[in-house]
Amino acid sequence: MGLKLHNSLTRTKEDFKPLKKGRVGIYVCGPTVYGHAHLGHAKSYVSFDVLVRYLRYLGYEVTYVQNITDVGHLTDDADEGEDKVVEAAKREKKHPMALAEYYTRSYFEDMDRLNCVRPDISPRASGHIIEQIELVKTLLEKGCAYEVNGSVYFDVSKFEEYGKLSGRKVDDMLAGARVEVSPDKKSAVDFALWKKAEPRHIMQWPSPWGTGYPGWHLECSVMAMKYLGNTIDIHGGGLENQFPHHECEIAQSEAANGVQFVRYWIHHNMVTVDGQKMGKSLDNFITLKQAFSGAHERLTRSYDPIAVRQLILNSHYRSPLDFSDAALFAAQSGYEKISETVKAVRKVMGQAVEGKADEGITKQLKEVKDKFEAAMNDDLNTSIALSVLFDLVRLTNKVLEEETAKETLNAIDDLFSRLGGDVLGLVKEEYPEVSGADAEMLERLVNVFVEQRSNAREREDFVAADALRDKLEEIGIILEDKPGGVTVWRRK
RNA sequence: GGCGGCGUAGCCAAGAGGCCUAAGGCGACGGUUUGCAAAACCGUUAUUCGCCGGUUCGAAUCCGGCCGCCGCCUCCA
């Protein structure tokens, strides 16, 4: 049984078969870089990160392209009518390109912390103006577009399949139009390919139709085609972009090339915060940096980036996800449970007795792997995949209660690394308790206190022993007494 | 107003006609262990799936109505 994906184009789960055997090209709509990434970005890019990771786990050679939108026309849910890049650039006293660069770096920083693998190619819209102009020219030549007053519009009447992705009919759209139609356009459903620049528009380029800037659907078509070909396997994005953005991408691309643009359209659902739509004008707008540091009035503490990731994977990518402090808190606890178990296995592994893997456990590990793959194959059911990982946690902790052969522990660690690490990105390769040159000193320092406390316990001076333990906890070091008088420590 | 989606325990969240007297995580409670803790393990925590009807031998899952929430409805940020 292979991977099945829900294709928005057909509204059904389909067997995934790439165009070229063993190779997958995937394009994901990237961020518009005029502010720090927020929880909504996290859901989007973690979801597609897992798709890419799982495709690679299955052995596909994946080319992952995700654009950076750094050209003018920006959307915002709270405000209307203002160019956000210009506004932000003015506020921060930066050139728009400097602003875009700043937030691009911020974006990658946050995605790295969420353990998202970097795209193979991160093309900037501003770096592909020539290609965008070329596509507009092609569409004009084919009679699918028309020029009016320095702007070029796509003639939707020339593309019969318009509406096939979002399930809309052009007639319904015309009837339901509630926005005033631009006098330049032949039809209300036509959309801009190239816009004449208003004097106040900072980002503008010369074109055969005068100075202007590209329509906002154009960049994705152009960059997807340039790096992945005229027909690409997977195009991902948020549900809010299904219409008009993706619908327009299809129209432009297919009208220009005469071949199917995207074979599988994957859309993820949106996030809410405390049950409400997250909006800049509301006080529930939380950036990733705020979540990681806890610097937001709706948060009671800081959260590990991987805990944020775990909360996202706890639900399905096509379901809406509600972020709340309580939900993040729960994810943080769950994440710690997984990582503590992995750390424990690796610790014991080092000094375990040599020996062959236990047959009974090997069989159970095989079941874990099969269940996990079955869940992921079913349209990336990460919620069930995660529950399987927790099965592995419980199994492991039971195994650790008794002396276990090295090979058994190796097999467990390998499964954690493959499923929890390679696929879900929740298990790290290394968990340094302390880092840097002071590591050894800290180790020895803590051991001094542990020894003092052990002495106190031996003479049954529990007041002194508990005081030492409490003091250490205050500075973030947790002591745990194991059977046989052994005390281990870890960082909080 | 039009189109689409969602509503499952204290919280998050799977399940989409019989395997469900509904996964998993968090929390809470009880137990094992411990000098006490912590961690771990074991057990309990929805006879019920927004509400009301209907279809069916059988519905959380299908249909209709109602209530609540979310997204999109395009010239451009």
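Hydrogens, waters and symmetry mates are skipped; everything else that's a heavy atom, side chains included, is used. Throughout, protein chains are lettered first and strands after them, A, B, ... in sequence-line order, and every chain is numbered starting at 1.
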Does B:A60 have a Watson-Crick or wobble mate here (both distances under 3.5 Å), and if so which one? none
Within the structure shown, what part of the strands sits under 4.0 Å from A:His245 by heavy-atom distance: base, sugar-phosphate, or nothing? nothing
So, for A:Ala291 and A:Leu39, which heavy atoms are closest and what is the spacing to 0.1 Å? CB-CD2, 4.3 Å
Can A:Arg298 and A:Asp274 be counted as an ion pair, charged N to O under 4.0 angstrom? yes
In chain order, what residues pass the side chain to side chain donor-acceptor pair (under 3.5 Å) check against A:Ser47, with sequence neighbours excluded? none
At under 4.0 Å between heavy atoms, what does A:Ser166 touch on the DNA or RNA strands: base, sugar-phosphate, or nothing? nothing
Regarding A:Lys186 and the six-membered ring of A:Tyr146, is the cationic atom NZ or CZ under 6.0 Å from the ring centre and inside 45° of its axis? yes
At a cut-off of 3.5 Å, list every protein nitrogen or oxygen paired with a nitrogen or oxygen from nucleotides 42-44 of chain B, distance to 0.1 Å.
unit_1	atom_1	unit_2	atom_2	d
B:C42	OP1	A:Lys398	NZ	3.0

Figure out the CZ/P separation between A:Phe154 and B:C76, and round it to whole Å. 19 Å
Between the protein and nucleotides 20-23 of chain B, list every N/O to N/O distance that falls short of 3.5 Å.
unit_1	atom_1	unit_2	atom_2	d
B:A23	N1	A:Ser383	OG	3.0

G-U wobble or Watson-Crick pairing nucleotide for B:U32 (cut-off 3.5 Å, both distances): B:A40
A correct 5'-to-3' footprint of nucleotides 26-34 of chain B, with B, S and - meaning base, sugar-phosphate only and no protein heavy atom under 4.0 Å, is S--------
When you measure from the centre of the six-membered ring of A:Tyr303, is the NZ or CZ of A:Arg301 closer than 6.0 Å and no more than 45° off the axis? yes
Going through the distances and angles, do A:Ser319 and A:Asn269 end up as a side-chain hydrogen bond (donor to acceptor under 3.5 Å, both in side chains)? CA-CA 5 Å; A:Ser319 300; A:Asn269 218 128; over 6 Å; no
For the residue pair A:Ser221 and A:Gln252, confirm or rule out a side-chain donor-acceptor distance under 3.5 Å. yes
Starting at the 5' end of RNA chain B and moving along, which residue's nearest nucleotide shows up first, A:Phe191 or A:Val393? A:Val393
When both hydrogen-bonding distances must be under 3.5 Å and the geometry is Watson-Crick or G-U wobble, what is B:G1 paired with, if anything? B:C73
Short side-chain N/O contact from A:Asn397 to OP1 or OP2 of B:C41, under 4.0 Å: yes
Across the strands shown, which category fits A:Asn381 at heavy-atom distances under 4.0 angstrom: base, sugar-phosphate, nothing? sugar-phosphate
Using 4.0 Å as the upper bound for N to carboxylate O, is an ion pair formed by A:Arg457 and A:Asp481? yes
Do we see a donor-acceptor contact under 3.5 Å between the side chains of A:Ser151 and A:Asn149? no
In whole angstrom, what separates A:Ile338's CD1 from B:A39's C1'? 16 Å
Who are the side chain to side chain donor-acceptor pair (under 3.5 Å) partners of A:Thr408, not counting sequence neighbours? none
Between A:Ala192 and A:His316, which residue's closest nucleotide on RNA chain B lies nearer the 5′ terminus? A:His316
Side-chain N or O of A:Lys482 closer than 4.0 Å to phosphate OP1/OP2 of B:A39: no
To the nearest Å, how far apart are A:Lys43 NZ and B:C70 C1'? 12 Å
Whole angstroms only, please: what is the CD-P distance between A:Gln276 and B:G71? 9 Å
By nearest atom, which of the nucleotides B:C73, B:C76, B:C36 is closest to the A:Pro244 side chain? B:C73
Picking from B:G35, B:C76, B:C72, the nucleotide nearest the side-chain atoms of A:Arg168 would be B:C72
Residue of the set A:His217, A:His235, A:His267 for which ring pair (Phe, Tyr, Trp, His ring centres under 6.0 Å) holds with A:His245: A:His217
Counterpart base for B:U45, defined by Watson-Crick or G-U wobble contacts under 3.5 Å: B:G27
Partner of B:G68 by Watson-Crick or G-U wobble geometry, both contacts under 3.5 Å, or none? B:C6
Aromatic contact, A:Phe48 with A:Tyr317 (centres under 6.0 Å): no
Counting any heavy atom closer than 4.0 Å, what does A:Val488 reach on the DNA or RNA strands: base, sugar-phosphate only, or nothing? nothing
Respond yes when some side-chain nitrogen or oxygen of A:Thr272 is under 4.0 Å from OP1 or OP2 of B:C69, and no when none is. no
So what's B:A14 paired with, Watson-Crick or G-U wobble, going by both distances under 3.5 Å? none
Within 45° cone of A:Tyr102 ring axis and under 6.0 Å: A:Lys94 NZ or CZ: yes
May I have the distance from A:Glu240 (atom CD) to B:G5 (atom C1'), rounded to whole angstrom? 14 Å
Students often get this wrong, so: under 4.0 angstrom with heavy atoms, is A:Asp391 touching a base, only sugar-phosphate, or nothing? nothing
Within residues 467-480 of chain A, those residues having any heavy atom closer than 4.0 Å to RNA chain B are A:Arg469, A:Ile478, A:Leu479, A:Glu480
Integer-rounded Å distance: B:G4 P and A:Leu165 CG: 15 Å
Which pair of non-hydrogen atoms, one from A:Gln132 and one from A:Gly215, has the smallest distance, and what is that distance? OE1-O, 4.4 Å
When all nucleic acid strands are considered with a 4.0 Å heavy-atom cut-off, which category describes A:Glu401: base, sugar-phosphate, or nothing? sugar-phosphate
Could you tell me how the ring of A:His41 sits relative to the ring of A:His38: parallel (under 30°), tilted (30 to 60°) or perpendicular (over 60°)? tilted
